[in-house]
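So that the names make sense, note that chain A is the first sequence line, chain B the second, and so on, each numbered from 1. These values consider heavy atoms only, across backbone and side chains, with no hydrogens, waters or symmetry-generated copies. It should be emphasised that the depicted structure is a prediction, and the values quoted were computed from it without experimental measurement.
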Amino acid sequence: MSAPAPFHSPADGPPGGHASGPDRSVTAAPAPLPDRLIAHLDMDAFYASVELLRYPDLQGLPVVIGGGRRPQPSAQAEDGRAHAHARLRDYAGRGVITTATYAARALGVHSGMGLMKAAALAPDAILLPLDFDAYRRHSRLFKAAVAEVAPVIEDRGIDEIYIDLSDVPGARDTVGGDPLGGVRAIGQRLKQAVKDATGLTCSVGITPNKLLSKLSSDLDKPDGLTLLMPADIPVRLWPLPAARINGIGPKANERLAALGIHTIGELAAAPLDQLIAEFGSNQGHWLHEAAHGRDDRPVVTWREPKSISRETTFERDLHPRDDRASLGPIFTRLCEQLASDLERKGYVGRSIGVKLRYDDFRIVTRSITLPQATRDAADIRRWAGRCLKTVPLDRRLRLIGVKMASLAVGDGHTTDATSSAEGPLAPHGSLPLFDFTESA
DNA sequence: TCTGGGGTCCTAGGACCC
DNA sequence: TCTGGGGTCCTAGGACCC
């Protein structure tokens with residue numbers, strides 16, 4: 001358990017050894033290589049690219065991957081030709097785009113967009129369902145290929161990784177008078193290894209830290225290789241929108257805009273006091289450091305999971321009372337899936353929680369901590385049911401989920417103490433409460 | 001006819017303890 | 001006869017990311 005905080009608290013102070021401001025000028029001698037050389041490698045339109053390996057005839061066409069829970073309505077016979085694929089216009093349901101090919105992005109659709117909305121923009125785009133097994137297979141392949149070149153890898157999900165190149169042999173070699181020649185060659189080797197192993201392209205950024213590398217891998221997509229060193233920050237970083245910084249989302253971006261801050265350079269020039277006044281000490285300091293390209297988070301090769309969860313969005317909103325007959329079995333199945341996930345991964349947990357999303361998109365959560373860890377499906381179901389009883393169930397639900405936290409490595413044979421308790425939870429207010437968890 | 005599923009981390013208040 | 005003050009655990013909500 002060595003998960004570092006993603007942001008540096010003010011107590012950590014700024015990382016040492018840096019000049020304090022935007023005062024770099026062109027110098028005659030090349031700057032020495034930084035202490036660390038960190039790569040961020042991002043697969044290009046990953047899910048879509050894996051699908052194009054399978055359907056090469058779709059190359060260059062607008063294709064979106066995504067899906068709802070409904071069967072593809074007009075997926076005709078699987079005769080393997082382009083006309084067999086569903087079109088976006090035929091979709092009906094609640095799915096979102098997971099990945100869009102670059103041709104589809106040119107039509108204005110992007111990941112996260114609802115498929116119904118995307119269909120209005122690009123009705124003729126091809127819609128392919130998700131095939132997670134295939135994506136996981138290719139994910140393992142590209143990560144293994146990278147590990148052959150540079151073994152210190154931090155997993156950031158199915159399609160991206162950080163790689164610590166600091167101690168890779170040759171990384172600090174000067175090639176043809178270029179002090180970055182060695183590290184550039186390693187970047188090219190990484191890309192070639194990924195291509196050889198998977199047939200897929202990726203984009204790589206190499207810089208002194210994770211923050212800058214993440215930004216840089218995005219500067220020349222697809223199939224890019226971008227090196228960015230501290231002296232490049234004013235020219236290459238500061239013109240970018242502040243929201244390009246990993247960790248500045250829509251909310252923070254709006255608050256920055258209200259301060260008249262739109263670019264990373266404007267953020268770098270903002271008085272620290274002003275940022276702290278607006279965002280608090282922690283985030284204020286972090287914003288300031290980030291805008292100056294400073295980040296000393298290490299590349300973390302393994303971390304224990306903190307929680308494991310299952311959730312599902314219904315095809316139509318369900319009422320806790322009227323649709324009790326549907327909700328009960330769905331809820332039970334989520335608990336069983338969660339129990340089997342815990343077993344497969346070798347964890348038990350002490351904190352069981354539920355999550356509901358109402359039809360108006362409001363989310364409520366409830367959780368309870370048990371005296372003993374468990375992974376038993378019936379235990380989970382029982383305690384999650386107790387949590388549900390404390391939630392107002394007075395309007396339709398869009399989503400329900402179950403989560404286990406406070407995880408520990410374990411085999412699940414150490415406890416049965418929680419099995420039959422009637423517990424401490426009191427109903428919430430005076431709202432009508434329905435228990436759809438008990439079979440009628 | 002908006003808006004998936006699986007995660008991480010932070011904040012903030014209350015309980016409880018020394 | 002006010003006002004303590006840290007530290008930790010628990011719970012709920014929210015921002016953000018892939």
K.L.:
When we call it a touch if two heavy atoms are under 4.0 Å apart, what does A:Lys355 touch: a base, just sugar-phosphate, or nothing?
P.N.:
nothing
K.L.:
Should the pair A:Glu336-A:Arg333 be classified as a salt bridge under the 4.0 Å nitrogen-to-oxygen rule?
P.N.:
no
K.L.:
Output yes when a side-chain donor or acceptor of A:Ser203 lies under 3.5 Å from a complementary backbone atom of A:Asp223, and no otherwise.
P.N.:
yes
K.L.:
Once side-chain hydrogen bond (donor to acceptor under 3.5 Å, both in side chains) is applied, do any residues pair with A:Thr101, and if so which ones, sequence neighbours excluded?
P.N.:
none
K.L.:
Near A:Lys143 NZ, under 6.0 Å, is it more than 12 heavy atoms from other residues, nucleotides or ligands?
P.N.:
yes
K.L.:
Using a heavy-atom cut-off of under 4.0 Å over every strand shown, decide if A:Lys345 touches base, sugar-phosphate, or nothing.
P.N.:
sugar-phosphate
K.L.:
Can you tell me whether the base of C:dC2 sits syn or anti, using the 90° cut around 0 to define syn?
P.N.:
anti
K.L.:
Give a yes or no on whether A:Asp196 atom CG has more than 12 heavy-atom contacts from other residues, nucleotides or ligands under 6.0 Å away.
P.N.:
yes
K.L.:
Under a 3.5 Å cutoff on both atom distances, Watson-Crick or G-U, what's the dot-bracket for DNA chain C ([ ] crossing, | other strand)?
P.N.:
....||||||||||||||
K.L.:
Using a 4.0 Å cut-off to any heavy atom of chain A, which nucleotides of DNA chain C are the first and last in contact, reading 5' to 3'?
P.N.:
C:dC10 to C:dC18
K.L.:
How far does the C1' atom of C:dC17 sit from the matching atom of B:dG4, given to the nearest Å?
P.N.:
14 Å
K.L.:
Is the A:His40 ring parallel, tilted or perpendicular to the A:Tyr162 ring (thresholds 30°, 60°)?
P.N.:
tilted
K.L.:
Looking at every strand, decide which applies to A:Ala252 at a 4.0 Å heavy-atom threshold: base, sugar-phosphate, or nothing.
P.N.:
sugar-phosphate
K.L.:
Distance check, P atoms only: C:dT3 and B:dG14, in whole angstrom units.
P.N.:
16 Å
K.L.:
Please work out if A:Arg350 contacts a base, only the sugar-phosphate, or nothing of the nucleic acid, heavy-atom cut-off 4.0 Å.
P.N.:
sugar-phosphate
